[in-house]
Every structure is written in structure tokens, then in C-alpha cells.
Amino acid sequence: MTQASRDSLETALAVLGTRGCLMAGAAIHGAARSTSTPLAHVGLAAGVGTYLWTETYYGGRFVTGGAVLDTPDDDYLRRLAAIAATTRADLVHLFIDVTDPSAAPPITDGLAPSGYAARSRRTSYRYVLPLQHDYDAFLMGLGKHTRRNIRLYQRRGAEGGLMFSFAENSPSADAIPRHQREALGRNTHPRPKQPGRLAELDAFLAARQHPFHSLVRTSDGTLVSLATGFISAERAYLVYQANHVDHAAANLGLMHRSLVIRELIARGMREFVFPNGINDVLRNACRRDVAIELLLSRTDVLGRWRIHRWARREPGHAAARFLMATA
């Protein structure tokens, strides 16, 4: 990515302000397939616009991302219609950050833009872990069993010769050879991470002004765990973590993550955001932010055919799951 593209992306995310995590979430969920133009500006009116990820498939267009819409006003539906019309998309999948999700008007087919069917629901789109002013205070705020597990696996890791390192303002793609990242991805527990997916996420991180990565290596230097993310103000966002399947008993997910948290607290971070969810015991200490998930889908025959074909090929995509759940 050129410096001009990097600056443009960072400016776009700055415009989004606290909603920048929505864009991270869109990338993590697999929407940003074109790493050369990861964001598209959609003009809704004079001086009003938003930045969305776009993806093309089967000759159609798929749009997803975080819309800059505050608590819905009289222009709410007009803006949604403008997104659909401007992008000429078969699908528009948005997580809308609103002050009070319960106050958002229901989106039904009768209110959808012309030529589209609409579905909407309240959804939990990210987990946020509050951090304390120091690491010991953070640990004391956790449950007894969680605190015990963190200390246990940190101690076992140290006794087993596992070494941790943390680098701020450094994307992992610049610091770790690609073949090492891809080898770790193929052997990640519980599910492998494909090289193309890692390349997309690494490209997203390389576009941020304050990326970070951390490593866990064995005493002979073998990479067994990698965590990557970025920092914005007093928040850190975890983009992905890969843990080698051969070291599952070491609980690398929790052990590594707890060490990352220690480093983030030392650097003044006050929240750790997991846009793609979290599946270890730290989940119990997180709050779940809520948004409105919206799906607009074309109703013409050709549009429906492309959408159906895409959903069958990408059943794990968040938009496809929403589509199938409400079909």
C-alpha cells in the first residue's frame, strides 16, 4: 500500500472516530477482499458520507462495514437507500453503531429501498475487556479461577522455556518471514488460518499507524504463537491470534493473551477490544457492545440468483448466516 493510500485509510478511520472498530470487525469477518482499495467512500448527500468495505463476486457487488449513522433520524432510510443505490450492490450488510439500539426504527420490506428486501436485528458485534491502571489490579478484578489459570499457565510457560516478546508500531508482516506466519497458520488450533486470509489481515494491519504484534517462541526459537492488533488512543484491538496445535496443553491462547494485556496496561491502554469474539475465560470479564445488524438484498431474479450462489459458497460469512437464518 502506498503512503498516500495509507494516509487516506487512516483519515477515513479517523472520521469514523470510535466506530473505527466496526471497520476492523468488517475486515476480520472477511469482507475486505481487495487489499489495494480496502475502503470505498459512499456519498449520501452534500457533505455526508461513509466509508465501507466492498467485495465483488460473480459479477455482482457485496458491501459491508460500519455505517456512520448515529441514533436514527428522519434521514435514516434515505441514507440506507443511498448506500444501496450508490454502490449498486446485491447485498448491503452493515453494523450500525447507534446510541440506543432499542430506539432504532424496525426495517421491514415495506420500508426498504426500492428493489430490496430488508432484515434487521440487534446483535452483539464485539467484546470489550476493561483494563485497570496496573496489571495486578486487573488480575484482582477477575474471578478467582480465571486469576489462578492465568498465573498457572504463565508459570508453566516460563518453566517450559517459552519466551514472550512484544513490539509496538510494528506490523508482524514486517518482522516475521511469511513462511513462518503461514506455517503457524496451517497448524493453528482449533482451526487453520489460510495464507490468503492471513495476507488480508496483515495488509489491514500494515495500513494502521499504530500496529502491534507479540510472539511466543520456544527456547530454540520456534514460533508457537502470534498475536496481532493495533492501538487507537487508549484502546487496543486484537485482529488475530494464532496458536500452534502441538502446544494446546500449554493454553497458549490464554497465556499469550494475558501477557499482551500486561504490556498494553503498561502502555496506558484502558480497553482491549475483540472485534471477532473471544472464546477463553476472559470472555466472562468482557462487556458486549450492541449494534443494529442490517441486511439489504436485491429482489430481482438475477440478483437473487447471485446472492444464493454466493451464500452457498460462503456459508460461514456473517452476512450469509444472517441471510439463511431469516430466509
Side-chain angles (χ1 to χ4, degrees), residues 1 24-33 35 38 127 129 149-150 152-208 210-231 236-264 272-283 314 316-317:
M1 178 176 289
I28 292 166
H29 279 298
R33 298 298 180 184
T35 55
Y127 286 78
L129 180 65
N149 286 341
I150 287 175
L152 171 65
Y153 286 109
Q154 284 188 8
R155 184 173 66 251
R156 285 184 180 177
E159 292 171 350
L162 296 180
M163 299 176 292
F164 169 80
S165 62
F166 184 95
E168 190 174 347
N169 296 326
S170 173
S172 58
D174 291 347
I176 308 164
R178 184 176 67 180
H179 71 276
Q180 291 187 21
R181 301 198 312 280
E182 292 183 354
L184 180 60
R186 287 193 301 271
N187 292 285
T188 292
H189 173 78
R191 292 182 298 275
K193 297 184 185 297
Q194 299 302 318
R197 189 73 191 105
L198 290 177
E200 290 175 356
L201 297 175
D202 288 336
F204 174 78
L205 283 165
R208 301 314 308 267
H210 303 292
F212 70 81
H213 74 272
S214 59
L215 312 174
V216 174
R217 296 184 182 273
T218 61
S219 56
D220 65 1
T222 302
L223 178 64
V224 296
S225 185
L226 165 65
T228 68
F230 63 91
I231 291 170
Y237 297 82
L238 183 71
V239 171
Y240 74 86
Q241 184 174 351
N243 308 302
H244 202 289
V245 66
D246 288 349
H247 296 263
N251 200 344
L252 289 170
L254 179 62
M255 186 270 284
H256 190 173
R257 201 164 291 180
S258 66
L259 294 174
V260 171
I261 289 169
R262 185 183 67 186
E263 293 293 330
L264 294 174
F272 197 13
V273 182
F274 303 91
N276 205 28
I278 180 172
N279 58 5
D280 61 33
V281 293
L282 290 174
R283 181 174 183 167
E314 302 283 349
H317 196 287

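The structure displayed is predicted, hence computed values, not measured ones. Index from 1, following the sequence.
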For this session: Give the intermediate values and the outcome of side-chain contact (heavy atoms from CB on, under 4.5 Å) for residues I176 and L184.
Result: CA-CA 11 Å; I176 308 164; L184 180 60; over 6 Å; no
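- Annotation: the span from N251 atom CG to L152 atom CG amounts to 9.0 Å, rounded to 0.5 Å.
- Taken from NE2 in H244 to CG in L226, the straight-line distance is 12.5 Å, to the nearest 0.5 Å.
- You'll find the side chain of I278 stays beyond 4.5 Å of the side chain of L238, heavy atoms only.
- The salt bridge (Lys or Arg N to Asp or Glu O under 4.0 Å) contacts involving residues 155-167 comprise nothing, where partners must be two or more places apart or lie in separate chains.
- Residue L259 holds its CG atom at 9.5 Å from CD1 of I150, rounded to the nearest 0.5 Å.
- Residues passing the side chain to side chain donor-acceptor pair (under 3.5 Å) test with N187: none are found, sequence neighbours excluded.
- By the side-chain contact (heavy atoms from CB on, under 4.5 Å) test, A236 pairs with F212, I231, L264, M269, F272, sequence neighbours left out.
- Shown here for Q241 and G253, the closest heavy-atom pair between the two residues is NE2-O, 3.3 Å.
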What donor-acceptor contacts under 3.5 angstrom involve side-chain atoms of residues 163-170, with partners at least two apart or in another chain?
| residue | atom | partner | partner atom | Å |
| --- | --- | --- | --- | --- |
| E168 | OE1 | R267 | NE | 2.7 |
| N169 | OD1 | H210 | ND1 | 3.0 |

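- Judged as a salt bridge (Lys or Arg N to Asp or Glu O under 4.0 Å), and not counting sequence neighbours, the contacts of D280 are R257.
- In this structure, CE on M255 lies 13.5 Å from CG on N149, to the nearest 0.5 angstrom.
- Evaluation of the side-chain hydrogen bond (donor to acceptor under 3.5 Å, both in side chains) test over residues 211-230, restricted to residues two or more places apart or in two chains, returns S214-H256, T218-D220, D220-T222, S225-N243, S225-H256.
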Exercise. How far apart are the C-alpha atoms of Y127 and L282, what are their side-chain angles, what is the distance that settles it, and do they pass the side-chain contact (heavy atoms from CB on, under 4.5 Å) test?
Worked result: CA-CA 10 Å; Y127 286 78; L282 290 174; over 6 Å; no
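- Applying the side-chain hydrogen bond (donor to acceptor under 3.5 Å, both in side chains) definition to pairs two or more places apart or across chains, those involving residues 173-183 are R181-D202.
- In terms of heavy atoms, Y153 sits closest to A250 at CD2-O, 3.4 Å.
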